[in-house]
Amino acid sequence: MARLTTPRYGRAAVLLLTGAYFLVPLACAVAFSTGVGVPGQHIGFEAYTGIFTAGGFTDSLALTLKLATATIVLVLGLLVPALVTVRLAAPRLRTLVEIVCLLPLVVPAVALVAGFSAVLRWGSDHVAGTPLFQALVALQNPDFPLVLVLAYTLMALPLAYRTLDTGLAAIDLRMLVEAARACRAPWSRTLLHVVLPNLRGALLNTAFLTLALVLGEYTVAAILGYQPFAVWILAISGSQAQMSVAVSVMGLLVTWMLLLAVATAGRARRPKETS
Amino acid sequence: MTDLTSTLETISRTRTGATVEFRGLQRSFGATTALDGLDLTVEPGELVALLGPSGCGKTTALRTLAGFERPDSGTLLVDGEDITGVPAHRRDVGMVFQSYSLFPHLTAIDNVAFGLRMSGVGKAARRARSAELLELVGLPQHAGRFPHQLSGGQQQRIALARALALRPRVLLLDEPLSALDAQVRLTLREEIRRLQQQLGITTLFVTHDQEEALSMADRVAVMRAGRLEQCAPPAELYEHPATAFVAEFVGVMSRIPARSGADDGTVDALGRTLPVHGRLPGAAEVAGGTGEVDVLVRPEAIEVTADGKGTSRIVGATFLGATTRLTVRLTDGGEVMTDVPTHAMATLPVGAPVTLTLPDRPVLVDRHRRGNSGRDGS
């Protein structure tokens, strides 16, 4: 029996250490934002309640969520048809698609945004007065900067590629498609009614990862001069230190809740095994 | 039972029984030729089994008919209408696949109803028809189950119901039984045949299992290297194979060396002079009197007698139940398979010298082949 319990202690120790690694900074953040650890400060949740009334909170969060939605739609709209086609019709292109999708991993966000600014500046210098110029302006519309959607889509490609590709590998795509075609389903309906429902988990995971990426992205947005959520947090941290930490803690909690929601949604319609 | 009969009537009261024609189909994948000028006509309401070794093009032929492969050249006709360029979803064929192809996210009844949903049939109508079909394949109580809650045999029954739900003109079965256990395979084999006959639907059945082909099909089409070797009813295929390949691929066939006799078209084999039967290439050589040929014989056609002076020797015995299959080595080293009743085995132990006798009937002959053995068809 003693032999059996020894590794259990070991496991507990590992769990304790990793737990501490994650929880101590978090606990410190909560303590600081509520004023527990700060001498001479009264304890309370003002920092949290203040979030909702602070200037710019609603706007920046709304912008981030809009950007996230657009990015998710664009990523899935690009990748799902591309990966399905590659698997069914052009398996030889798989390596190429993989390389293209993983390329953004080796391009730092700073380099990416430098490229973006260069292109935008070149555009405004050279195409002024043409319809292309209008398009460039629309791209940088401060209410909904499409340029950020494009940047985030690029940055999300590696993660999205991995999750979608794993999801596709887990189903017998060719068989399902052929079975659907033999049941008189045209291509579009095959994709909609057979492929997508069976990729549910992968789609939700991709959406979640993309959402997490957009929620936390700072560099590109800050350098291009927009103020989504992450940029706003940093902006107010100068003036209201407690509130900025409170917002970060909230951000973490929201992300976790979304993760749980995605995980539950992925499992919801899977019926339990009988027997 | 009356329910089932009426169900069958509603299903067969449709345009079943189309004629299917393959005309000169060619298809290559890179360097490999899958179809090399396939010609085959399937009559209305007939079940034709496509049989052949792996890589002979049988699956490609079926997939071409389903619309999943495009032939490089040649035409496909259904009821005289050219469907070569018609996309898969407008071909009006039902298909059952080798492995479990049910949609994992749908229940059994929704799987069966899928095609009806794609064709725009109303919800009530498609539920009613799907229920009918589940009844037909004997699984009405499993309507609400998901594929992973069903056994392999049940999944294939549902797949069959799904394929039949749209009242297709042609039913395609791509080795539908090969992933199942022996017992389930036997019952499902009979069930598919019964349904097919009752519905009178033209059916193509791909299999590499000759027993399956011979027991189910109206005609068996033996394919080799992308071409049709012979298409004939099972008994004819077995008794009168058109080529040496068919002779050796279908059933067990042994080669016994023989000499062509005089110019009267007979051969001398195992000490007997026998007339020659059949259209095999060897027959011409016998007529030409060129000398050495092989006689092809089925294991049940050879008589074995224990004989102390016999020149052949039993080298192996395989118990098959009522009969035992003996492997007998001839003087020249060739081996012959022969079936004897198991109760006669007492006098025929392994190692015993024996004499083989051929019945006094016309025999199949082929060109002499060195190192002959059992059914090496290649």
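Lettering follows sequence order; numbering is per chain, from 1. This is a predicted model, so every value here is computed, not measured.
Of residues 80-90 of chain B, those residues with a non-hydrogen atom less than 4.5 Å from any non-hydrogen atom of chain A are, in numerical order, Pro87(B), Ala88(B), His89(B).
For residues 77-93 of chain A, the pairs satisfying salt bridge (charged side-chain N to carboxylate O under 4.0 Å, His left out) are Arg87(A)-Asp165(A), with sequence neighbours left out.
The CZ atom of Phe97(B) sits 10.0 Å away from the CG atom of Asp172(A) when rounded to the nearest 0.5 Å.
Using a 4.5 Å heavy-atom threshold, the side chains of Arg184(A) and Arg91(B) count as separate.
For Leu106(B), no part lies under 4.5 angstrom from a heavy atom of chain A. Looking at Phe68(B), the atoms closer than 4.5 Å to chain A (heavy atoms on both sides) all sit in the side chain, from C-beta outward.
Other residues, nucleotides and ligands contribute over 12 non-hydrogen atoms within 6.0 Å of the CZ atom of Phe29(B). The number of heavy atoms from other shown groups lying within 6.0 Å of CZ (Arg193(B)) is above 12. Atom CD of Gln141(B) has more than 12 heavy atoms from other residues, nucleotides or ligands within 6.0 Å.
Of all non-hydrogen atoms in Ala179(A) and Ser101(B), the two that sit nearest each other are CB-O, 3.9 Å. Annotation for Ala182(A) and Met95(B): closest pair CB-CB, 4.0 Å, computed over non-hydrogen atoms. The two atoms that bring Pro104(B) and Leu176(A) nearest to each other are CD-CD2, 3.8 Å, heavy atoms only.
There is no side-chain donor-acceptor pair under 3.5 Å between Arg200(A) and His105(B).
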**OP:** May I have the step-by-step check of side chain to side chain contact (heavy atoms under 4.5 Å, CB included) for His193(A) and Phe114(B), ending in yes or no?
**Re:** CA-CA 9 Å; His193(A) 291 287; Phe114(B) 183 82; 4.0 Å; yes

